[in-house]
Structures are given as structure tokens and as C-alpha cells.
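Here the structure comes first, spelled out in C-alpha cells, and everything after it is commentary.
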Amino acid sequence: SVVLAAAGGNVGIKTSSPQSVLHLNDNSAQTETAAPEAGTVMQVTGADAASAVIQISAYGTGSQSIFGMRAARGTAATHGVLFVVSCRND
């Protein structure tokens with residue numbers, strides 16, 4: 001099920017009350033009262049006794065699967081350190 005929380009603008013998949021901008025839940029026993037860390041944009045909850053996996057796939061010569069994270073001292077306008085994990089198909 002997909003839930004759009006009109007009041008907060010959050011989107012939840014398999015959760016009745018999304019706690020972040022995007023909340024993906026694959027755990028039927030998860031308590032929905034547990035608040036995520038302040039500033040959480042995406043929350044992924046895996047099933048009990050299973051890994052929570054985020055998979056990024058790219059196909060074709062020269063394509064890349066990229067996962068990037070940035071931390072900045074200040075605002076989005078001031079660029080900080082970018083940490084990138086990249087897997088390339090050549």
C-alpha cells in the first residue's frame with residue numbers, strides 16, 4: 001500500500017503513517033511510533049532477520065550505478081564533502 005500524508009507531505013510504502021519524506025517499510029512488526037533521527041529524508045526498514053538492501057542497477061557499456069552522500073557545514077548552497085560509491089560497466 002502507498003500512503004500520501006497530506007498534512008506533512010510524506011510518502012509511505014507499506015506503512016500507514018510515514019515518518020519521513022519517503023518511508024519504505026518491509027517489517028510488519030515495526031512500531032510506527034518510533035520517530036526517525038531529526039532531518040531524516042528517507043527511512044528504510046527491513047523485515048526481521050533480513051537485510052535492508054537498497055539496490056541501484058545500471059545496464060550497458062559505460063553505464064554507472066552511483067550512490068552519493070554529501071555533508072556540508074552551512075546550507076545546501078555551500079558545497080561540502082561528497083562521498084561517492086560508483087560501480088561502472090566498461
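Everything quoted here is computed from the prediction, not taken from an experiment.
Shown here for S20 and T40, the closest heavy-atom pair between the two residues is CB-O, 3.5 Å. The shortest non-hydrogen separation linking M42 to I54 is CE-CD1, 3.7 Å. Residues H23 and P18 approach most closely at ND1-CA, 3.6 Å, considering heavy atoms.
At a threshold of 4.5 Å between side-chain heavy atoms, the hydrophobic network of Ile, Leu, Val, Met, Phe, Trp and Tyr places V11 and V44 in one connected group.
Distance alone, capped at 3.5 Å, places no donor-acceptor pair between the D26 side chain and the G46 backbone.
Taking the side chain to side chain donor-acceptor pair (under 3.5 Å) definition, one finds that S57 meets it with Q55, sequence neighbours left out.
Chaining together hydrophobic side chains whose heavy atoms lie under 4.5 Å apart leaves V53 on its own.
Counting heavy atoms from C-beta outward, T15 and Q43 have side chains that stay 4.5 Å or more apart. Between D48 and N27 there is a side-chain heavy-atom pair separated by less than 4.5 Å.
Applying the salt bridge (charged side-chain N to carboxylate O under 4.0 Å, His left out) test to every pair with at least one member in residues 50-68, sequence neighbours left out, gives no pairs at all.
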